[in-house]
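So you know, we letter chains A, B, ... as the sequences are listed, proteins then strands, and number each from 1.
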Amino acid sequence: MKSTINYIAEIFRAIWSLLTGMKVTAKYFFTPWNNVTQQYPENRDTLVMFDRFRGEVIMPHNENNEHKCTGCGICEINCPNGSIEIISKSIVNEEGKKKRIIDQHIYHLAMCTFCNLCVKTCPSEAIVMGQKFEHAYWNRTSMTKVLNQPGSKIMEGIKE
Amino acid sequence: MAEIKIITTDEIKTDEYLVNMGPQHPSTHGVLRLLVKLEGEIVHNVEPHVGYIHSGIEKMTEALSYPQIIHLTDRMDYLSAHMNNEAVCLCIENALQVEVPERVKYIRTIFDELQRLASHQLWWCASGMDLGALTAFFYGLRDREDILDIFEETCGARLTLNYSVPGGVMFDIHPNFQSKVKAFIKKFRKTLPEYDKLLTGNIIFQNRTKGVGVLSKEDAIAFGVTGPTGRASGFSCDVRKHHPYSAYPYIKFDEKLGTDGDSFMRWKLRMDEMWESLNIIEQLIDNIPEGDIAVKMKGVIKLPEGEFYQRVETGRGEFGVYIVSDGKKNPYRVKFRSPGFSNLFTINHIAKNWKIADLVAIMATFDLVIPDIDR
């Protein structure tokens with residue numbers, strides 16, 4: 001007899017515990033403004049990432065197509081995965097001195113783990129982390145990028 | 001040469017089956033392979049086979065400089081990324097005998113606890129899903145998003161933070177950081193009771209976990225089980241309490257201890273730990289001292305010759321970093337003591353003679369992260 005009462009009581013307790021849980025789900029069902037789903041591909045225009053977001057390494061250029069990179073290679077040494085490659089060339093400046101400047105700052109996006117060490121150690125703040133996060137490409141070669149724009153030169157007043 | 005033991009068909013009794021659970025099973029939370037010997041539905045033997053996501057991180061570190069090592073530790077226990085980073089940083093700082101500023105200690109501790117909350121939230125929702133509660137999965141991930149946003153605003157990454165650097169932290173906290181964390185705590189204090197209403201009080205859930213997979217205190221100590229799993233068996237093993245690091249000596253908190261050591265206790269203990277984490281953050285968030293965010297370190301960090309060990313408490317137990325240095329800029333050898341590895345290998349001991357569905361419940365409450373086991 002006692003076990004039968006216990007059995008029935010257990011059923012009612014189980015139903016009650018289910019209802020307690022259902023109350024929580026019902027609360028969110030009837031207050032949909034508490035939901036946090038973003039309509040991602042549709043909200044691309046309004047979607048703003050945080051300013052420290054680590055999307056990809058970029059090299060900002062000013063309006064005269066000038067960058068700050070001296071080609072010192074510190075970012076290349078500090079990169080743990082070998083995703084940065086610097087090709088420099090030597091030119092002769094107006095005073096007749098030989099000078100090494102950057103030819104190509106190659107960035108392999110496919111190898112990058114976005115650890116921020118290159119940006120942190122750059123002495124002239126030439127590279128920063130960009131906001132772009134949609135890194136899907138049709139082939140692997142387009143994931144290798146040259147960060148300095150063609151024809152660009154170093155800004156004046158950057159210490160080498 | 002060590003002999004590899006392979007179970008042959010002669011060793012299996014007539015009514016026994018040898019079944020692979022994983023490496024692609026949804027409730028093994030990754031590529032863990034369990035070789036389960038079954039009689040009908042009853043588990044007779046569980047043999048974990050690890051190594052399916054072995055990434056050779058310990059070997060890779062031998063070719064990298066000390067600041068470069070840190071970003072690899074993100075990828076071991078990805079749910080406790082900041083604690084892993086901090087362990088390596090603390091180990092390097094101890095070796096160089098560098099005292100980090102107070103501000104760094106506070107920031108690191110707040111990040112630790114936020115990371116622990118995020119880790120436990122993901123454990124809650126994923127193990128809820130293992131036990132058949134799909135709603136839990138959405139609710140847990142929804143609340144975890146708030147913490148990830150806080151991380152993203154301050155350090156630019158959501159999962160693989162790489163926030164600690166030797167001698168400090170990478171960025172100063174964002175101006176919105178304190179207000180956002182306070183808003184999160186206020187919100188989460190209201191949401192956490194909902195978790196209990198949704199699952200902990202549920203009879204079906206309780207019947208599936210209560211008394212299932214009991215791990216005794218003696219066994220927990222013998223197997224080296226740490227973290228919430230060990231504490232649920234009554235083994236006091238909180239590194240934060242026994243070997244305090246960063247800002248943990250300055251704050252008051254309780255080490256939650258369980259008694260039963262069953263699956264429900266492990267569940268309950270992690271829920272209690274979430275409350276405790278909220279208390280810890282509340283004690284620290286208003287008192288972050290002013291100061292530098294990093295000590296100036298040399299361009300090339302070279303550790304003195306010798307052996308260094310540092311342990312921290314991650315979301316799933318004691319994480320240890322053991323560095324052997326020969327005075328060069330790369331370590332000679334690095335060993336990571338990962339909590340998941342020791343925790344996993346108790347599974348044969350406690351899952352014997354339970355049903356296969358109970359094995360899922362046991363694994364769910366063990367909170368396994370497979371890259372942490374294989375590293």
Side-chain angles (χ1 to χ4, degrees), chain A residues 6-7 9-29 31-32 34-38 48-57 72 74-84 111-123 128-131 133, chain B residues 60-61 63-65 67-72 74-75 85 128 133-136 138-139 141-146 149-163 165 170-174 176 187 191 193-207 294 299-300 329:
Chain A
N6 274 346
Y7 179 74
E10 180 78 17
I11 289 170
F12 278 103
R13 265 207 304 278
I15 292 169
W16 181 249
S17 76
L18 278 175
L19 288 176
T20 323
M22 293 285 269
K23 216 169 92 185
V24 177
T25 46
K27 185 186 141 196
Y28 288 106
F29 184 76
T31 55
N34 282 336
N35 301 345
V36 288
T37 315
Q38 288 187 10
V48 183
M49 307 305 287
F50 293 113
D51 47 348
R52 289 180 189 176
F53 178 71
R54 309 208 286 251
E56 59 172 345
V57 177
C72 63
I74 287 178
C75 52
E76 191 182 2
I77 297 165
N78 274 292
C79 181
N81 320 301
S83 38
I84 293 175
M111 289 191 214
C112 184
T113 53
F114 312 105
C115 66
N116 209 34
L117 284 178
C118 53
V119 176
K120 190 173 159 278
T121 49
C122 180
V128 292
M129 278 288 178
Q131 308 281 309
F133 60 91
Chain B
M60 271 159 86
T61 53
L64 297 176
S65 71
Q68 289 174 344
I69 291 174
I70 296 161
H71 93 288
L72 284 176
D74 284 338
R75 279 141 186 97
N85 292 349
L134 191 65
T135 317
F138 298 120
Y139 285 16
L141 285 180
R142 177 199 64 191
D143 298 333
R144 183 165 169 265
E145 202 69 8
D146 295 338
D149 274 348
I150 293 169
F151 286 163
E152 196 182 354
E153 196 170 32
T154 288
C155 64
R158 294 159 68 80
L159 200 66
T160 50
L161 302 177
N162 195 26
Y163 185 51
V165 291
M170 200 173 256
F171 307 102
D172 201 355
I173 51 172
H174 197 269
N176 295 340
K187 190 178 158 198
T191 327
E194 283 183 2
Y195 286 16
D196 283 337
K197 278 184 201 161
L198 206 61
L199 261 183
T200 318
N202 192 301
I203 300 280
I204 302 167
F205 168 75
Q206 286 190 4
N207 287 347
V300 178
K329 67 173 183 150

Find the distance between [atom1] ([X]) and [atom2] ([Y]) and round it off to the nearest 0.5 Å.
| X | Y | atom1 | atom2 | answer |
| --- | --- | --- | --- | --- |
| B:H71 | A:L117 | NE2 | CG | 7.5 Å |
| A:N78 | B:S65 | CG | OG | 6.5 Å |
| A:C115 | B:L161 | SG | CG | 13.0 Å |

Can a donor-acceptor pair be found, under 3.5 Å and without considering hydrogens, that links the side chain of B:E153 to the backbone of A:F50?
no
Contacting moiety of [X], where chain A heavy atoms sit under 4.5 Å:
| X | result |
| --- | --- |
| B:Y139 | side chain |
| B:L199 | neither |
| B:R158 | neither |
| B:D74 | neither |

Under the rule for side-chain hydrogen bond (donor to acceptor under 3.5 Å, both in side chains), what residues qualify as partners of B:K197, not counting sequence neighbours?
none
So for A:M129, is it side chain, backbone, both, or neither that comes closer than 4.5 Å to the heavy atoms of chain B?
neither
Part of A:F114 lying under 4.5 Å from any heavy atom of chain B:
neither
All N/O donor-acceptor pairs, side-chain side in residues 15-25 of chain A, below 3.5 Å, sequence neighbours left out:
unit_1 : atom_1 : unit_2 : atom_2 : d
A:S17  : OG     : A:A14  : O      : 2.8
A:S17  : OG     : B:I203 : N      : 3.3
A:T20  : OG1    : A:W16  : O      : 2.6
A:T25  : OG1    : A:M22  : O      : 2.8

Between B:E152 and A:R52, does any NZ, NE, NH1 or NH2 come within less than 4.0 Å of an OD or OE carboxylate oxygen?
no
Which heavy atom in A:N116 sits nearest to a heavy atom in B:M170, and how many Å separate them?
ND2-SD, 3.5 Å
Work out which heavy atom in A:K120 is nearest to a heavy atom in B:V165; give both atom names and the distance.
CE-CG1, 4.0 Å
B:R142 NZ/CZ over A:Y28 ring centroid, <6.0 Å and within 45° of normal
yes
Identify which of B:T135, B:L64, B:I204, B:T154 forms the greatest number of heavy-atom pairs closer than 4.5 Å to chain A.
B:T154
So do B:R75 and A:T113 actually touch side chain to side chain, heavy atoms under 4.5 Å?
yes
